[in-house]
Amino acid sequence: MDMEVDEEGHAAAAAGVDFVERLGPDASAAVFAVLRDPADLARAAAVSRSWRTLVMAVHLSKMQCLRLFPEVSWFTRVEQSATSASSSNNGVNEEDAESTATAWENHKREQRVYMRLAHALLSPHTRKGCIAACIGASSTDNFPEEGIQNTLVPGDHMDDMESYWSSGGQEDPGAPESLVYKLCSDLCIIDEIRIQPFRAYQQPGHPIYSARYVRVRFGCPKSPLRPEDLVSEENEGQLTADDNYIWMYTSSEFPMLQNVLQSFKLPRPALCIGGVVKVEFLGRIQKQVYDDLYYICAAHVQVLGAPLPRELGAAPCKDGIVLKYFPEHEPSRDSGCSRPKWHEIEARIWRALKATGQGIGFNQELLSRLLGPSV
């Protein structure tokens, strides 16, 4: 019997049988789903037309991204810039958009864009401060002397003068405040927020105007931000209300300490889609002796993470968020590089199947024909 199976396998291989078709779409998709590296998925898609069809039809590249960052589920469609030779259906009529050819082009475009996103999410990153500009504060006691722009300066002094943001005074200690920032990229992987509350050395007792808790939100503006929307010496900023944004991530509430640059580590790195961060201060502690009102003051705010490359972007649409791809912004690559081959990853699939136990229950004979002998 073993000899018959072996002879059948050799005969099928010699005849050029595609064993993805023999496994069926469900089992084949489960095999490919163990791939974690987008480069491996790209190699698999280059093996044959049926393999490429499977990779695109099952949206395996998008599944990779979703495993890494659940926030990817907010993307409802993709767009590729019209300057690319492979861009598609901008401007086609509805009748053409419903055609089989256009649907297949959409599948190819989605695969290409999500493969690029997966590569960007998995590439090594250098952590850095990601704040590029200030959008506004929920309130400011004295603008611009006590404006949000002061929180971009490390420490609580600049040029021998106190540097901080101060909220307006409130009788209610439960009144919240917030600071809204624009990041340096539409897509950023964020894992840490740092905040230093302000200590007023010029006031009796040197009070610290901290909040009880802090919380952060990541989101996308519903309309593109214009330069005049950002805080400047003449402009206090108006776009702080929640109805200006689509919030896609909200952290838990972190208790604040007093007069230190406190680090708030997120439970897991989160993908900020849209490039806007809102820092919320919940609960007031300190009254000012001069007016008997509660204030919240922050000396410095940092948002730490890794911005994704500028060829990837995001924009709102009617049914969610568009993932945008601008291939003309990609750095040039060496065109002389040879195309990677499938044989380089067959052992990786076998190891992944064994490590996760997903190989159990598959037809082992067909898997061996598909991937080669188990190493």
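Residues: numbered from 1 along the sequence shown.
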[X] and [Y] ion-paired at < 4.0 Å:
X      : Y      : answer
Glu110 : Arg112 : no
Arg127 : Asp191 : yes
Glu328 : Arg310 : no
Lys278 : Asp242 : yes
Glu280 : Arg217 : yes

Are more than 12 heavy atoms from other residues, nucleotides or ligands located less than 6.0 Å from atom [atom1] of [X]?
X      : atom1 : answer
Gln203 : CD    : yes
Lys222 : NZ    : yes
Glu253 : CD    : yes
Phe326 : CZ    : yes

Are any of the side-chain heavy atoms of [X] and [Y] separated by less than 4.5 Å?
X      : Y      : result
Phe75  : Leu117 : yes
Val279 : Tyr181 : yes
Ile246 : Trp74  : yes
Ile296 : Tyr209 : no
Ser167 : Asp141 : no
Gln262 : Phe264 : yes
Pro204 : Val289 : yes
Leu323 : Arg77  : no

Inset, instruction - Go through the steps to decide whether Ile321 and Met248 satisfy the test side-chain contact (heavy atoms from CB on, under 4.5 Å), and finish with yes or no. - result: CA-CA 10 Å; Ile321 304 294; Met248 287 164 271; 3.9 Å; yes

Mind checking the [atom1]-[atom2] spacing from [X] to [Y]? Nearest 0.5 Å is all I need.
X      : Y      : atom1 : atom2 : result
Leu121 : Arg116 : CG    : CZ    : 9.5 Å
Leu66  : Ser73  : CG    : OG    : 6.5 Å
Cys134 : Trp165 : SG    : CH2   : 12.0 Å
Leu122 : Cys65  : CG    : SG    : 8.0 Å
Ser166 : Gln288 : OG    : CD    : 7.5 Å
Arg215 : Ser252 : CZ    : OG    : 9.5 Å

Legend entry - side-chain contact (heavy atoms from CB on, under 4.5 Å) between Val301 and Leu179, intermediate numbers included: CA-CA 9 Å; Val301 175; Leu179 303 175; 4.3 Å; yes

Legend entry - Trace of the side-chain contact (heavy atoms from CB on, under 4.5 Å) decision for Lys287 with Tyr295: CA-CA 6 Å; Lys287 278 186 176 182; Tyr295 289 82; over 6 Å; no

Legend entry - Trace of the side-chain contact (heavy atoms from CB on, under 4.5 Å) decision for Leu225 with Leu239: CA-CA 9 Å; Leu225 293 174; Leu239 297 180; 3.8 Å; yes

Legend entry - Nearest heavy atoms of Leu308 and Leu271, plus distance in Å: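 Heavy atoms of Leu308 and Leu271 come nearest at CD1-CD1, 4.2 Å.
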
Inset, instruction - Using the rule that two of Ile, Leu, Val, Met, Phe, Trp, Tyr join whenever any of their side-chain heavy atoms come within less than 4.5 Å, decide whether Ile148 and Val216 are in one cluster. - result: yes

Legend entry - Pair Ser210-Gln286, side-chain donor/acceptor within less than 3.5 Å: no

Legend entry - Under 3.5 Å donor-acceptor, Asn235 side chain and Ser232 backbone: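 Between the backbone of Ser232 and the side chain of Asn235 there is no qualifying donor-acceptor contact (under 3.5 Å).
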
Legend entry - Criterion side-chain hydrogen bond (donor to acceptor under 3.5 Å, both in side chains) against Tyr164, the qualifying member of Glu145, His300, Gln196, Glu146: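 Of Glu145, His300, Gln196, Glu146, side-chain hydrogen bond (donor to acceptor under 3.5 Å, both in side chains) with Tyr164 is met by Glu146 alone.
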
